[in-house]
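A short write-up of the structure that comes next.
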Amino acid sequence: MMAARTDIRRYTGFGALTALCLTVLYVPLIVVAVYSFNASRSITAWAGFSMRWYVDVFTGPEAPIFRAAAWNSISIAFLASTVATVIAVAAAVAIIRGGRFRGRQSSLAVITLPLMVPEIVIAVATLIFFTTIGVRTGYGTILIAHITFCIPFAYLPISARLQGIEDSYEMAARDLYATRWQAFRLVLLPLMMPGVISGWLLAFIISLDDFLITNFVKGAGMETLPTAIFSSVKQGIKPNIMAISTLMLAVSIVFVTLSFLINRIGQKTRLSKGEGQ
Amino acid sequence: MATGPGSSGAGWRGLVLPLLLPSWLVIGIFLLVPVALMAVYSFLTKDFRGGVIWQFSLDAYDQFFVERGLFGDEPPRPNWTYITIFWRSIWQAGLATLLCLVIGFPTAWFIATRSPRYRTLWVCLITIPYWVNLLIRTVSMRFLLRDQGPLNEALMAIGLIDSPLRIINTNLAVQIGLFYSYLPFMVLPIYAAVERYNFALSEAARDLYAGPWTVLREIVLPTVRPGIVAGCILVFVPSLGAFLAPDLLGGARTYMIGSLIDEQFRGSAGNWPFGSAVAMILLTMVLIVLLWQARVAMREKR
Amino acid sequence: MKRLVLAFTLLSTPALAAGELKVYHWFEYMPPELVDKFEAETGIDVTIDTYDSNEAMLANLKAGRLGQYDVAVPGDYMVKIMADQGLLDSFTPDELPNFGNIQDEWIDVPFDPGRKHSIPYQWGSTAFSVNRDVYKGDINTLAIIFNPPEELKGRINVLDSQGEVLALASMYMGIPQCTQDRDQLKALMDMLLKAKANWASFGSDIAKDVLVSGDVAAGMIYNGFSAKARAEGANVEYAYPKEGAVVWMDNVVLLKNAPNRENALKFMNFLLEPENAAAVTNYAAYTAGVKGTDPFLADEIKNSPENNPPEGATFEFVMACDEETQRLYDTIWTNLKR
């Protein structure tokens with residue numbers, strides 16, 4: 001019987017294609033990482049190992065621009081993902097715990113709308129909006145735009161998690177005379193937490209990653225990391241860009257590992273509190 | 001055992017309005033209103049090199065659909081040039097989706113059939129590159145594919161080719177770029193669907209003497225279809241309006257929809273009504289695809 | 001939530017304007033050391049945003065950025081367009097102590113007589129450069145770009161700049177710029193569409209890099225940018241086509257609704273110092289429009305072939321056409337790029 005079971009899961013060539021897939025995904029990044037340690041300025045000839053480009057990223061002539069851009073990117077991502085997560089949590093509780101109310105379907109549609117509209121359309125529409133009402137484009141406008149398109153990304157993991165939580169816990173808490181807010185804060189929220197954190201992380205990365213929309217609605221003198229990199233790349237792929245790219249790869253590894261571990265913990269708490277009692 | 005609609009046991013029903021207000025407000029004001037405004041702009045007159053004059057005009061849509069010659073005095077004929085751009089973008093996006101599917105499905109299947117201990121590790125491996133900025137990934141691809149880039153150098157070093165392959169600044173480079181950008185979007189939904197797949201079905205089919213590929217075709221694929229469709233949409237829609245891949249990898253030679261729109265607002269063309277019109281047409285196309293997919297999904301539920 | 005709103009308001013309050021300057025400039029056109037020198041001398045904090053074509057600058061200013069920048073650096077024909085559109089602020093010579101440093105021939109220019117809105121920045125020419133390792137024949141004709149020889153087909157970069165490309169194309173065909181003759185315009189468009197098949201890419205800020213890296217073997221380029229390409233190791237030669245090339249002058253203009261008008265004038269005055277103008281010249285490899293820069297110029301700039309055209313080389317300024325004709329040229333450019 002065991003032999004038949006492994007048989008149905010295995011298809012020839014799938015393993016090879018997976019290897020190909022991973023190769024294609026990683027090779028460009030690895031090649032760039034390797035060249036970021038190139039001692040010479042040239043991007044075609046290897047001249048020995050050196051960390052100079054990493055030093056250059058932090059102290060070279062373009063460093064202030066990248067530093068300001070990185071600060072903008074990270075602070076906007078932090079603020080936008082936090083606000084979006086709060087809004088998403090509220091919406092998830094309403095949609096999933098609020099029963100069948102009128103406007104439930106349309107609320108769901110509205111929340112996932114930013115996912116369905118192509119990015120370039122959002123970018124153009126937002127630019128037109130701010131120019132028409134006469135608001136100065138800059139940090140604030142970027143932040144607003146990011147919050148808007150981060151909401152669905154935060155919402156999805158939260159709603160997925162919430163749907164798997166039985167409401168018997170909150171009902172038990174209410175039976176014990178807890179207020180709605182106490183039931184939420186002390187029972188529901190901790191149970192939702194892995195979903196909330198996943199949603200926050202997802203929104204954070206999406207905001208950090210955004211180029212198209214930010215490029216349209218940023219004002220004078222404002223750069224985020226992607227827009228600063230884009231301007232720099234248009235003038236030629238320089239080694240310090242490759243160093244930045246490798247740094248971001250390292251950051252991403254950290255984030256994914258974090259999210260993975262948090263999910264693991266989340267699964268464990270669910271299993272210990274829920275099924276099996 | 002009641003979660004979801006109908007379970008107002010915990011008493012959230014009364015709070016539904018204030019809970020939903022923030023999301024409605026934010027998305028309503030900063031997405032719905034701007035898109036509506038953009039629709040209005042597509043019916044206005046263009047100002048010289050940017051901006052609009054608040055005067056109704058069908059010029060933008062006329063420019064898109066009707067060809068009146070260089071001086072505007074030839075008899076109107078259907079304008080194929082912009083339709084060609086759309087067609088080119090659809091075609092590119094379609095090819096990228098197909099490529100993602102051909103490589104993504106086996107990958108998702110492979111990962112989903114690993115032992116549970118290692119499964120999440122594989123998923124992490126697939127998603128790590130995705131967390132790197134799309135711009136960086138496109139740039140890395142460009143670096144790799146250049147005439148004097150590592151790919152060509154490696155191929156020449158092993159002697160497979162004599163002179164560098166002309167990949168950069170071609171349609172092929174754009175397709176590779178699109179495929180590279182959105183591959184994880186294809187893998188993850190299919191992985192989720194395959195993970196929930198009941199392998200007992202395959203077993204049953206095998207007991208009935210069906211060959212492995214028949215099982216795949218007749219049993220597996222129909223069951224995981226929602227995942228495949230989700231993956232295809234998640235790749236197709238962004239590819240359609242993509243800007244970075246055509247710009248950085250295609251040499252900005254030919255317009256795709258994304259570059260056409262960008263040119264109207266941030267480039268030399270400066271024709272806002274026209275840019276808005278093109279964006280509206282793109283949005284309409286995408287909504288039609290999504291609505292069609294939603295109808296198919298609903299029909300399947302019955 | 002309240003704390004968030006407060007933080008948000010603080011973030012969008014504009015910084016105190018006393019010590020700031022917002023410059024909208026071409027890419028790779030201002031030496032960073034010069035900016036540092038200005039900041040050290042005046043205590044003003046300078047931010048520079050870049051664009052890669054006159055038309056893109058105009059588009060972005062009209063897309064809501066007017067009122068956010070103090071100065072920009074448009075080319076000659078764009079100064080006139082901007083003045084006509086009401087995008088420029090004016091100043092009087094006594095507001096600029098160094099006004100007298102402007103070379104006499106550049107004071108009464110057709111696009112800004114008497115210099116009420118602008119000061120000269122750099123002037124130079126636009127033609128193209130060819131990689132001598134790839135092509136060894138005669139390069140002094142625009143046919144290299146518009147009807148290239150076999151070795152160069154598919155390996156040419158063209159500037160993403162409507163004004164200059166269309167001007168050079170007109171010169172190649174021997175028709176006047178801003179012509180309204182229908183047959184000439186049709187012929188121009190047909191020629192461009194045929195020539196495009198031989199081009200690898202459109203790009204202005206990449207014009208130097210693609211020659212240095214070998215991605216292309218020939219490319220339209222500004223003379224100073226070509227000198228920089230040579231300095232970075234490309235074996236390119238700048239051409240002086242017999243049909244003529246484009247000459248241009250970039251100017252620093254004072255923008256309307258500049259948030260830091262006083263600092264803008266200080267900056268413009270700073271750039272009229274011979275030493276500073278020379279620093280720009282040494283960096284960008286063009287020529288300044290300021291008196292007295294000679295003693296500060298580097299030799300390779302003074303003597304470069306890009307700055308010393310041969311006898312008989314002809315040049316034309318890009319002409320800004322009237323709105324009706326401009327519309328036709330806009331259409332030709334859009335047809336070309338799609």
Side-chain angles (χ1 to χ4, degrees), chain A residues 8-9 11 14-15 17-18 21 25-26 28-29 31-32 44 87 90-91 93-94 96-101 107 110-111 113-114 116 118-121 124-126 128-129 132 144 147-148 151 163 166-167 170-171 174 180 205 209 211-212 226 229-230 233 237 245 248-249 252-253 255-256 260, chain B residues 3-13 16 19-20 22-24 26-27 30-31 33-35 37-38 41 103 106-107 109-110 113 120 124-125 127-129 131-136 139-141 143-144 148 150 199 202-203 206 212 237 240-241 243 258 261 265 275 279 282-283 286 290:
Chain A
I8 52 163
R9 289 171 195 265
Y11 283 93
F14 276 22
L17 279 172
T18 308
C21 178
L25 280 182
Y26 278 94
L29 294 170
V31 167
V32 165
T44 43
I87 296 181
V93 170
I96 298 181
R97 283 280 196 268
R100 257 185 236 282
F101 57 92
S107 294
V110 162
I111 293 203
L113 199 59
M116 302 198 264
E119 237 195 310
I120 184 105
V121 175
V124 164
T126 316
I128 289 182
F129 176 69
T132 312
I144 291 178
I147 293 177
T148 313
I151 291 179
Q163 282 181 336
E166 298 176 24
D167 65 349
E170 298 144 72
M171 285 172 73
R174 297 297 300 279
R180 243 192 318 229
I205 291 284
D209 199 70
F211 169 72
L212 203 50
I229 295 175
F230 184 71
V233 163
I237 300 179
S245 140
M248 291 183 81
L249 178 60
S252 90
I253 294 181
F255 263 98
V256 171
F260 164 65
Chain B
T3 51
S7 76
S8 42
W12 288 106
R13 196 183 191 110
V16 155
L19 282 176
L20 284 175
S23 34
W24 270 92
V26 170
I27 298 186
F30 297 113
L31 183 59
V33 168
V35 171
L37 197 53
M38 187 180 77
Y41 263 58
I103 298 200
T107 309
W109 177 273
F110 183 83
T113 52
T120 7
C124 277
L125 271 183
T127 46
I128 284 178
W131 293 134
V132 174
N133 196 306
L134 173 62
L135 182 61
I136 299 270
V139 167
S140 327
M141 193 46 101
F143 178 69
L144 189 67
Q148 258 101 328
F199 281 92
S202 289
E203 275 192 54
R206 294 283 265 137
V237 171
L240 206 54
F243 169 73
I261 298 179
F265 290 94
L282 174 64
L283 182 59
V286 168
L290 290 175

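Below, chains carry the letters A, B, ... as their sequence lines are ordered, and counting in each starts from 1.
Considering every non-hydrogen atom in both B:P129 and A:L29, the closest pair reads CB-CD1, 3.8 Å. Residues A:S107 and B:W24 come closest through the heavy atom pair OG-NE1, 3.0 Å. Minimum interatomic distance between B:S140 and A:V32 (heavy atoms only, all atoms of both residues): CB-CG2, 3.5 Å. Heavy atoms only, all atoms of each residue included: B:V237 and A:M116 are closest at CG1-O, 4.4 Å. Summarising the geometry of B:T107 relative to A:L17, their closest heavy-atom pair is OG1-O, 4.0 Å, with the distance given to 0.1 Å. Counting all heavy atoms, side chain and backbone alike, B:M141 lies closest to A:P28 at CE-CG, 4.0 Å.
At a 4.5 Å heavy-atom cutoff, the contact between A:L25 and chain B is made by backbone and side-chain atoms alike. Heavy-atom distances place the side chain of B:Y41, and not its backbone, under 4.5 Å from chain A. Looking at B:L144, the atoms closer than 4.5 Å to chain A (heavy atoms on both sides) all sit in the side chain, from C-beta outward. In this structure, the portion of A:F211 lying under 4.5 Å from any heavy atom of chain B is its side chain and not its backbone. When heavy atoms are compared at a cutoff of 4.5 Å, B:L134 approaches chain A by way of both its backbone and its side chain.
Comparing A:L212, A:I205, A:T126 by how many heavy-atom pairs each has under 4.5 Å with chain B, the most go to A:I205. Most heavy-atom pairs under 4.5 Å with chain A, from the set B:L31, B:V35, B:I103: that is B:L31. When the candidates B:L37, B:V33, B:V286 are compared by the number of heavy-atom contacts under 4.5 Å with chain A, B:L37 comes out ahead.
Contact check for A:Y26 versus B:L125: side-chain heavy atoms found under the 4.5 Å cut-off. A 4.5 Å side-chain heavy-atom check between A:V110 and B:S23 finds every atom pair outside the cut-off.
With A:V124 as the partner, the side-chain contact (heavy atoms from CB on, under 4.5 Å) test is satisfied by one option alone out of B:I261, B:L282, B:L283: B:I261.
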